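The analysis underlying the following values was restricted to heavy atoms, covering all of them including side chains, and did not include hydrogens, waters or symmetry mates. Just so it is clear, the structure is predicted and the values come from calculations on it, not from any experiment.
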Amino acid sequence: MNRPNIDAGTTVLIAVLAFVLSYGKLVDLALRAGYDNVPAHLWPLIVDGLTVVATRGVMRLERNRYPWALLGAATVVSVAANIGNHLLPPGPLSPVAAATVSIVPPLCLLVAPHLAVRLMKADAPATEAVAVPSPTPPADAENVPEPEAPRLQVAATGDDRRNRALRLVAGGMSQRAAAREVGVTDTTVRRWIKAAAASDPAAA
């Protein structure tokens, strides 16, 4: 057995022996205060048990005064009860002393649940906000050319086709070939030629 285990075992043994010696005195005081046999044996468990729980709260709830207050109050009650059992006259306690012993359980009932809630909150896992990493662009993202906008093909208007057909005919292409090239009929090309000749007397 290593040294830390020996120290811990010795400390626990001392605490158990102290509890046993204090337990007998507190049982006797509870019997003198008017408790029956079974409740009188439970009364010390409330006092010294609160001391143990408060000590655990002091260790687990750092920077919290509440466990320290309970530890101090429970220790004072236990010490005062042991002293009073010796100093008070033998036999049943006076009404004032008996009433003082009787108010200990309801006071413990008042403060113990509050300590239990604090200990449960200390055991609850802390919820931390998970940071979602932003997508990191590739190292050569700056060198990637932006996609070109698609070029829209705009259908040629009637004037564009007319002018093109006239240029093709003037260049030596037949009227039928020019009509097929611009997507119109031969009649349309002939009409365009006549209209152009009528509007340009010099050409005629």
Determine the minimum heavy-atom distance between Leu168 and Glu181, stating which atoms define it. CD1-CG, 3.6 Å

Just verifying a value: how many Å separate Arg191 CZ and Arg162 CZ, rounded to the nearest 0.5 Å? 10.0 Å

Tested for side chain to side chain contact (heavy atoms under 4.5 Å, CB included) against Cys108, the lone hit among Val47, Leu50, Ile103 is Leu50

So, taking the atom named CG in Leu115 and the one named CZ in Arg60, what distance separates them when rounded to the nearest 0.5 Å? 9.0 Å

Is the backbone N or O of Asn85 less than 3.5 Å from a side-chain atom of Arg32, with the two atoms forming a donor-acceptor pair by type? yes

Any side-chain to backbone donor/acceptor pair from Tyr66 onto Val111? Under 3.5 Å, distance only. yes

Interatomic spacing from CH2 in Trp68 to OG1 in Thr55 - rounded to 0.5 Å: 8.5 Å

State the CG-CG distance between Leu13 and Leu17, to the nearest 0.5 angstrom. 4.5 Å

Closest approach of Ala97 to Leu93 (non-hydrogen atoms, all atoms of both residues): CB-CB, 3.9 Å

Ignoring hydrogens and angles, tell me if any N or O in the side chain of His114 forms a donor-acceptor pair with the backbone of Leu110 under 3.5 Å. no

Using only atom types and a distance under 3.5 Å, with no angle test, would you say the side chain of Thr188 pairs donor to acceptor with the backbone of Val184? no

Taking all non-hydrogen atoms of both residues into account, name the closest pair between Ser22 and Asp48 and its distance. OG-OD2, 3.3 Å

Crowded around Arg56 CZ? As in, over 12 foreign heavy atoms under 6.0 Å? no

On a heavy-atom basis, the closest approach of Pro44 and Tyr23 is CB-CD1, 3.4 Å

Treating Thr75 as the side-chain partner and Leu71 as the backbone partner, does any N or O pair qualify as donor plus acceptor under 3.5 Å? yes

Test of understanding: clusters of I, L, V, M, F, W, Y form through side-chain heavy atoms closer than 4.5 Å, transitively. Do Val79 and Leu26 belong to the same one? no

Within the side chain of Trp192, is there an N or O that forms a donor-acceptor pair under 3.5 Å with the backbone of Arg161? no

Carefully, step by step, assess Asp186 and Gln175 under the rule side chain to side chain contact (heavy atoms under 4.5 Å, CB included). CA-CA 6 Å; Asp186 300 348; Gln175 295 180 6; 5.8 Å; no

Could you tell me the separation between the CG atom of Leu70 and the CZ atom of Arg65, rounded to the nearest 0.5 Å? 14.5 Å

Would Lys25 and His86 count as a side chain to side chain contact (heavy atoms under 4.5 Å, CB included) here? Give the steps. CA-CA 9 Å; Lys25 298 299 181 180; His86 284 280; 3.6 Å; yes

Do the side chains of Asp160 and Arg164 get nearer than 4.5 Å, heavy atoms only? no

Side-chain donor or acceptor of Ser78 paired with backbone N/O of Ala74 under 3.5 Å: no

Is there a path from Leu42 to Val53 through hydrophobic residues (I, L, V, M, F, W, Y) whose side chains come within less than 4.5 Å of each other? no

Grouping I, L, V, M, F, W and Y whenever their side-chain heavy atoms are under 4.5 Å apart, do Ile6 and Val12 come out in a common cluster? no

With clusters defined by side-chain heavy atoms of hydrophobic residues (ILVMFWY) lying less than 4.5 Å apart, directly or transitively, does Val101 cluster with Ile46? no

Stepwise side chain to side chain contact (heavy atoms under 4.5 Å, CB included) test for Val104 and Trp43: CA-CA 9 Å; Val104 172; Trp43 194 84; 3.8 Å; yes

Residue pair Ser174 / Val169: nearest heavy atoms and the distance that separates them: O-CG2, 4.5 Å

Would a hydrophobic clustering, with Ile, Leu, Val, Met, Phe, Trp and Tyr connected at side-chain separations under 4.5 Å, put Leu107 with Leu29? no

Give the minimum heavy-atom separation between Leu45 and Phe19, together with the two atoms involved. CD2-CZ, 3.5 Å

